[in-house]
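In what follows, every heavy atom counts, from backbone to side chain, and hydrogens, waters and symmetry copies are set aside. Lettering of chains follows the sequences in order, A, B, ..., and the numbering in each one begins at 1.
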2 protein chains.
Amino acid sequence: MSAQQPNSRQHYHVGNLAEQLLSSARSMLEEVGVAKLSMRALCSALGVTATAAYHHFTNRAELLAQLATQGYLELAEELNEKAVALPVEEKIRGFCLIYLNFGRRNPALYQLMFGPELEFEQMPEHLLNARQQAFSRLELMVADLLKQTPDSPDVRSAALASWSYIHGLTSLLLHEVLQRPKDISDQRIIERTLTGFELLFNAYAANINPA
Amino acid sequence: MSAQQPNSRQHYHVGNLAEQLLSSARSMLEEVGVAKLSMRALCSALGVTATAAYHHFTNRAELLAQLATQGYLELAEELNEKAVALPVEEKIRGFCLIYLNFGRRNPALYQLMFGPELEFEQMPEHLLNARQQAFSRLELMVADLLKQTPDSPDVRSAALASWSYIHGLTSLLLHEVLQRPKDISDQRIIERTLTGFELLFNAYAANINPA
DNA sequence: AATTGAATCTTAACACTGTCAAGATCATAG
DNA sequence: CTATGATCTTGACAGTGTTAAGATTCAATT
C-alpha cells in the first residue's frame, strides 16, 4: 500500500525519516486537524517507534513550525506565479482569490500558519523568513498599484490593510464562522466584500461632507 | 487564598461547581492558553476530583463552547455600549478600536472564539446565537452609515467586509504574525490601515480610468 | 580492512491528558 | 423516614509528549 521503498533492513536507519515524517504530517494534518496530529501516530504510521521522530525534531512544536514554513513558502510561490500575470484591474481581486484558494485547499495548514498553535518564546528564523517572503508578495503588488516603492509608508499601510482583510475573510470562512451560501462562489464573495468597502468609504465621505 | 466559600463539607455537593468551573476556566484560559487548558487541572484547582466536571459538562468541547459564547456576548455588549455613542465620522474607527481592544484584553478567549478549537459536527445553538448577536452589532452600525435596512445586500456585503478586516487585523496582531512597533498605538494602526484602503481604492480607480 | 565514534532507531518509563463505569454521599420530595 | 436523583469520588483505560539508556548501523579514521 505504502509507496515508500521496501525498507530492506526492518529497523534502524530508515534513511530519510525526517522527510517522510514531514510529508506524512502534511497529509495527516489535513485529515485529523492540527490539534489531533500526534507524534506517536505519525511515527507508527511510518512503521517506526514512537520516539524515533525526536532524533530529527526536538519538539512537536518544531515539526509544526517546519510545516508552517512549508505553507508560507508555497503560498508565496503561488502568489508569485499566478498573481503577476493578472491585468491591473483584476490584480486585487485575483490576488485575494488566489490567497483564499490556498486556504481552501489547505485549511488545517492555514490554521496552523496563522493560529495559536505556533507558540515559541522566539519564533524560528526559517518561519519568520518564509512568512516575510509571503507578505512581500503582497507588498510588491500594492507597490505596483500605488506606483510607489515597496518600503514607503503608504505601501506598508495599504498592504497591511489588504492582508488584514483577506486573512480575516479566509479565517472566517475556514473556521465556518460564516456559513457561506452554497450557491455563491468564493470569487463572488470577494467581489461583494470589495464593493462593500467602496460603499462604506463613499458613505463615510458623504457623511463627512454632506454636500 | 481562594475566595470561594469555606466549603464546609469537604466533599460532595459543592453547590455551584458549574459556575466555578467556568470562571476558573476563563482565567486559566488566559494564563496557559487554550491548548493547555485541561479539565483535570481545572478540577484540581477547585479542590475537586478530576471527573467532577463531567457531571456539568459532557465534554471539554462543551465547556470551551460555553466560554466562547460568553466571549461573543461580552463582545456584543461592549460594542453596543461603547460604539453607539460615537459621532458619525468616528463610527468605523471607534468600532474597530473597541473590537481590537476586546481581543487585546482577552487574547486566548478571542483565539478560542475564532480558532480551530471549536470543532463540532453541529455547533451548539447558544454559540451560534451569541455569535450572531455580535455580528448584528456590526450590521446595525453599517446599516446606519449606509442609511439602509440591516438586511439589505449592500449592508451585508459591507458588514462582511468590515468584519473580515477587523478580525484579520486582530488575529494577525494577537498571533504576533505582525510585530507591531512598540511606539505605535492600536488606534494609529487602525487609522493607517483604513487610509490604506482609501489609497488602494483611489489608485484602483485611477488605473481603471486614467483620465 | 578493522575499529571507533556518531547518527539513528528501540525499549522502557514518567507524568500528563480526556473520559467512562461503578460506587459513595447528600439534598430533597414523597 | 425512606427513596430517588443529583452530585462527587475512586479506579481504570487508552492515549499523549518527552526523556534516558541501550542496541544497531553507517561512515570515517586508522
*asked:* Taking salt bridge (charged side-chain N to carboxylate O under 4.0 Å, His left out) as the definition, give me every residue that meets it alongside B:D186, ordered by chain and number, with sequence neighbours left out.
replied: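 Only B:R104, B:R180 meet the salt bridge (charged side-chain N to carboxylate O under 4.0 Å, His left out) criterion with B:D186.
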In whole angstroms, how far is the [atom2] atom of [N] from the [atom1] atom of [X]?
X	N	atom1	atom2	result
B:L17	C:dC26	CG	P	16 Å
A:L21	C:dT8	CG	P	12 Å
A:L64	D:dG17	CG	C1'	12 Å
B:H55	C:dA22	NE2	P	13 Å
B:F57	D:dC8	CZ	P	11 Å
A:N16	C:dA7	CG	P	18 Å

Do any N or O atoms of the protein come closer than 3.5 Å to N or O atoms of nucleotides 17-20 of chain C, and which pairs are they?
from	atom 1	to	atom 2	distance (Å)
C:dT17	OP1	B:S38	OG	3.0
C:dG18	OP1	B:M39	N	2.7
C:dG18	OP2	B:M39	N	3.1
C:dG18	OP2	B:R40	N	3.1
C:dG18	N7	B:R40	NH1	2.6
C:dG18	O6	B:R40	NH1	2.7
C:dT19	OP1	B:N59	OD1	3.2
C:dT19	OP2	B:Y54	OH	2.9
C:dT19	OP2	B:R60	N	2.9
C:dT19	O4	B:R40	NH1	3.1

*How about A:F197 and A:Y165: are their ring centres within less than 6.0 Å of each other?*
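So the answer is yes for these two rings.
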Closer than 4.0 angstrom, basic N to acidic O: yes or no for B:K36 and A:E119?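 No, no charged N to carboxylate O under 4.0 Å.
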Could you tell me how the ring of B:Y110 sits relative to the ring of B:Y99: parallel (under 30°), tilted (30 to 60°) or perpendicular (over 60°)?
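Geometry flag for B:Y99 against B:Y110: perpendicular rings.
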Next item on the list: Can you tell me which residue pairs pass the ring-ring contact (aromatic ring centres under 6.0 Å, His included) test with a partner in residues 44-84 of chain A, sequence neighbours excluded?
Entry: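 Of all non-adjacent pairs touching residues 44-84 of chain A, those that pass ring-ring contact (aromatic ring centres under 6.0 Å, His included) are A:Y72-A:F114.
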- [ ] Please determine if a side-chain N or O atom of B:H56 lies less than 4.0 Å away from the OP1 or OP2 oxygen of D:dA6.
- [x]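 Answer no for this pair, as no side-chain N or O of B:H56 is under 4.0 Å from OP1 or OP2.
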Rounded at 0.5 Å granularity, tell me how far CE in B:M141 sits from CD1 in B:I92.
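Rounded to the nearest 0.5 Å, the CE-CD1 separation comes out at 5.5 Å.
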